[in-house]
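So that the names make sense, note that chain A is the first sequence line, chain B the second, and so on, each numbered from 1.
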There are 2 protein chains.
Amino acid sequence: MIGLFRLVESPVNQTDILQALIAKNLVSDPNGARGRLLKEAARLFRDKGYERTTVRDLAAAVGIQSGSLFHHFRTKEEILKAVMVETIRLNTALMQAAADAAHSARQKLRALVRAELESINGQTGEAMAVLVFEWRSLSDTSQAEVLELREIYEGLWINVLKSLQDEGALAADPFVVRRMLTGALSWTVTWYKPERGGLTLDGLTDEVMAMMALKND
Amino acid sequence: MIGLFRLVESPVNQTDILQALIAKNLVSDPNGARGRLLKEAARLFRDKGYERTTVRDLAAAVGIQSGSLFHHFRTKEEILKAVMVETIRLNTALMQAAADAAHSARQKLRALVRAELESINGQTGEAMAVLVFEWRSLSDTSQAEVLELREIYEGLWINVLKSLQDEGALAADPFVVRRMLTGALSWTVTWYKPERGGLTLDGLTDEVMAMMALKND
DNA sequence: GTCTATAGATGGATAGAC
DNA sequence: GTCTATCCATCTATAGAC
């Protein structure tokens, strides 16, 4: 009964969450001109790197000339920043919903791991990789701005890890564990190819949880 | 007695290992012109990224003009490749020695974790970060070449992890675990500041080992 | 809102003197 | 082996027509 109630209370449907953010103008509609450009930009930045991607590449990817880009964005860096900001906003909402839908601290951790793996290796994968590998290409002022959003996101993890620590299930420091997980999960983007091997996203999540020393399992 | 014998048999002294590699012309003498340039290049590539680092930056770092650089290296990319190749060669030797000096599979794993953390956060830290974050800037042919060296290095890890699996101490897949560790340990370069916090390198190693679910502890 | 055209700056790499 | 000088390609961003 509680499960049903919670479903009504907080929808975990990813499409619903995306639509709600679009309605509030927090992320761009993927079908709009701006949204399509950001999607292509994320792909190019991940594949070639921000510096090696030219404004001509970006323009060509959406079928316009390079000069026309600057009607939508004032600088190339503004595009990078928009990719990062919208990605964090969307994923914070997705992770929040995933954690809310789980009931125990242990299940919440699994939900967060599962959701982050999905973000990294699924539809927002390009943008998540950009967030990790192109961070230095962002100007100092933009970095500070994006960092503020990132801290909300990280807070979700720390809360859950602290609960586990309070339960006596986690031996290591929550902040250290989160940072280890950030590295381990981000790195999957360089090797995890679901189509090739037999390892599913749930299987990968199992491996991560199996690797972690949660007591009283 | 065995401990003493092994010390004589395989020296784990880092300076000795470096000197041996220099003698075989496998890595450059850090005091020579080439070695000093590679050291500065690693620092610049890590701080600004390969693309944002100009040949003028590189030349200025060692006190020469940009044109003079091309007497030592034919292209800028050749410098990046040299940084990576020499780093892997040195660290493979260091890790091999660290693993050899330990006696149980569990102790060997700890020694590898400790040694890689030291590589990432110590003297070769800049170069190790370059290996992770500037991989895409290497041409396809160079990538293939460096990858061959990297596989020897990775083999050290897989051997130890497979031993642990055979002992029944490791629940997760050795290849997956190594990849998780690669990400987690590499990522420490973005947050671990030994001078600031109270966490020593040994303390950090303990946290990593505590996080991993090795059975029969 | 997209186009063409181009300004203005900076990059990697070369040539030849010393 | 390092210097000065410079070529030439390429990049971001702007200007103004449509």
> To the nearest angstrom, how far is Phe73(A) atom CZ from dT14(D) atom C1'?
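After rounding, the reported distance stands at 18 Å.
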> For the pair made of CD1 in Ile64(B) and P in dA5(D), what is the distance, rounded to whole Å?
17 Å
> Closest to the Thr54(B) side chain: dG12(C), dT2(C), dA13(D)?
dG12(C)
> Would you mind reading off the distance between Leu58(A) atom CG and dT10(D) atom P, rounded to a whole angstrom?
17 Å
> Only pairs at least two apart or in different chains count here, so list each ring-ring contact (aromatic ring centres under 6.0 Å, His included) that has a residue in residues 50-94 of chain A.
Phe45(A)-Tyr50(A)
> Between Tyr153(B) and Glu116(B), is any side-chain donor less than 3.5 angstrom from a side-chain acceptor?
yes
> With nearest nucleotide decided by heavy atoms, which residue, Ser68(A) or Arg56(A), maps closer to the 5′ end of DNA chain C?
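First, find each residue's nearest nucleotide; the 5'-ward one identifies Ser68(A).
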> For side-chain contact (heavy atoms from CB on, under 4.5 Å), just list the numbers for Val83(B) and Lys39(B), CA-CA rounded to whole Å, side-chain angles, deciding distance to a tenth of an Å, and then say yes or no.
CA-CA 8 Å; Val83(B) 167; Lys39(B) 177 81 183 162; over 6 Å; no
> Please, which pairs that meet ring-ring contact (aromatic ring centres under 6.0 Å, His included) have at least one residue in residues 109-129 of chain A, sequence neighbours excluded?
none
> If I take atom NE2 in residue His72(A) and atom C1' in nucleotide dG1(C), what distance separates them, rounded to the nearest angstrom?
6 Å
> Among dA13(C), dC3(C), dA13(D), which is the nearest nucleotide to the side chain of Lys76(A)?
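The answer is dA13(D), which lies nearest to the side chain.
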> Round to a whole Å and report the spacing from CD of Glu77(A) to P of dT12(D).
13 Å
> Dump the intermediate steps for side chain to side chain donor-acceptor pair (under 3.5 Å) on Thr205(A) and Asp202(A), then the final yes or no.
CA-CA 5 Å; Thr205(A) 307; Asp202(A) 276 314; 4.8 Å; no
> What is the distance, to the nearest angstrom, from the CD atom on Glu51(A) to the C1' atom on dG11(C)?
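These atoms are roughly 12 Å apart.
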> Which nucleotide, dA13(C), dA13(D), dC3(C), lies nearest any side-chain atom of Phe70(B)?
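Among the listed nucleotides, the one closest to the side chain of Phe70(B) is dA13(C).
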> Please state how far atom CD in Gln65(A) lies from atom C1' in dC18(D), giving the value in whole angstrom units.
15 Å
> Side-chain donor-acceptor pair under 3.5 Å between Gln14(B) and Gln123(B), yes or no?
no
> Between residues 28-37 of chain A and DNA chain C, which residues have a heavy-atom gap below 4.0 Å?
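Under 4.0 Å from DNA chain C: no residue of residues 28-37 of chain A.
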> Ignoring backbone atoms, test whether His71(A) places a side-chain nitrogen or oxygen under 4.0 Å from the OP1 or OP2 oxygen of dT14(D).
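Result: no.
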> Could you check Thr87(B), Ile79(B), Leu80(B) and say which one makes a side-chain contact (heavy atoms from CB on, under 4.5 Å) with Leu38(B)?
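The residue from Thr87(B), Ile79(B), Leu80(B) that satisfies side-chain contact (heavy atoms from CB on, under 4.5 Å) with Leu38(B) turns out to be Ile79(B).
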